[in-house]
Amino acid sequence: MSIESANIINLDASSTTSASESAISNLPTHIGVTMDGNGRWAEARGKARTEGHREGIKALRMLVESAIRYKIPYLTVFSFSSENWRRPKTEIDFIFKLMRKFVESDLKKLIANNVRVRIIGERDGLEKGLQKIIQQVESKTAHNTGLNLNVAFNYGGRSEITSAIKSILKDVQSGKHTIEDVDEDLVARSLFTAGIPDPDLLIRTGGEKRTSNFLVWQSAYAELVFLDVLWPDFDEKSFMSSLKQYASRQRRFGGIETVK
Ligand code: IPE
Ligand code: MG
């Protein structure tokens, strides 16, 4: 079955909770996922890198489905970074086409599952048609109250912070804010993720142990889980194992008491 015609989120609200699922306590409110390893997955099979991206969309659908089932309030996925422009044009075009198709073909199911979609990242410079699709998916899901799915697309953490600084400086210049108004809360409210709680858990597949400009400000106290599995192979077991690792961490946020 081609991804275009594949069924996406087949869940309904009455979906049952499995025994293993209910055994995980202390679930994160916000999970960020860097979906890495598509190219290597394809290369290992003698296929073009693009085939890995195509396969990766299936893992993304599975992840969204699992997040809904586990009632995770916020999920942010890193789908294209500001730095990915360094790749060959053919690969970039393919990723863009794929994300576009994902949004278009899955929109109905996302709406049916009460998912609110936001696209975070730089929009200027994106093709007009794509900008329109982004606006549509956001407005059509804006009133949904289930999973908040944030797609980081053309996103870079440093660029996001730089834009926030510019917008705050403009407001100081125009007199809307004084320098004394500038605090961590104002910075947070000036980011793409304004109003979204910081991620509790960041998962990165593909074996690399770095955060690569993902949610730089927001992940200050996130628990990091690095998995060797390549993104197209990420399955519910990988998701559960990440949740279990998270549940076993002791979060102190700089204090001495474990915060639950
Ligand atoms: C992640 O997989 C997908 C994107 C960055 C768009 P990669 O394409 O980085 O795959 P590897 O890391 O080369 O295997
Ligand atoms: Mg990579």
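For ligands, and for the atoms within them, numbers begin at 1 and follow the listed sequence.
Using 4.0 Å as the threshold, S79 has a heavy atom nearer than that to some atom of ligand 1. Under a 4.0 Å heavy-atom criterion, E208 is not in contact with ligand 1. Ligand 1 lies within reach of G37, whose nearest heavy atom is under 4.0 Å from it.
Close N/O approach between W41 and ligand 1 is not found [any backbone or side-chain N/O within under 3.5 Å]. Residue D36 has at least one N or O atom closer than 3.5 Å to an N or O atom of ligand 1.
Looking only at atom types and distance, the side chain of E55 has no donor-acceptor partner in the side chain of N38 under 3.5 Å away. Between the side chains of R118 and T76, no donor N or O sits under 3.5 Å from an acceptor N or O. With 3.5 Å as the limit, one finds a donor-acceptor pair spanning the side chains of T145 and N114.
With respect to L110, the side-chain contact (heavy atoms from CB on, under 4.5 Å) criterion is satisfied by exactly one of V115, I68, V103: V115.
Atom OG1 of residue T205 and atom CZ of residue F226 lie 11.0 Å apart, to the nearest 0.5 angstrom. Distance check: D235 CG to K58 NZ gives 14.0 Å after rounding to the nearest 0.5 Å.
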Next item on the list: Step by step, work out the side-chain hydrogen bond (donor to acceptor under 3.5 Å, both in side chains) result for E160 and Q218.
Entry: CA-CA 11 Å; E160 177 185 38; Q218 301 87 334; 3.2 Å; yes
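Closest to atom 1 (C) of ligand 1 among all protein heavy atoms lies M35 O, 2.9 Å. Closest to atom 10 (O) of ligand 1 among all protein heavy atoms lies G39 N, 2.9 Å.
Taking the six-membered ring where the residue is Trp, W85 and F80 present perpendicular rings, their angle passing 60° and hence far from 30°.
Shown in contact with I95 at under 4.0 Å from a heavy atom are these atoms of ligand 1, numbered in order with element: 6 (C). For ligand 1, the atoms lying closer than 4.0 Å to a non-hydrogen atom of R40 are 11 (P), 12 (O), 14 (O). Within the listing of ligand 1, atoms 5 (C), 7 (P), 8 (O), 9 (O) sit less than 4.0 angstrom from a heavy atom of R87.
Residue-level check: among N/O/S atoms of D36, OD1 sits closest to the Mg ion (ligand 2).
Within the 6.0 Å centre-distance limit, the rings of F78 and Y155 are counted as a close aromatic pair.
Residue E43 does not touch ligand 1, judged by heavy-atom distances below 4.0 Å. Residue-level proximity to ligand 1 for L230 is absent, since no heavy atom of it falls below 4.0 angstrom.
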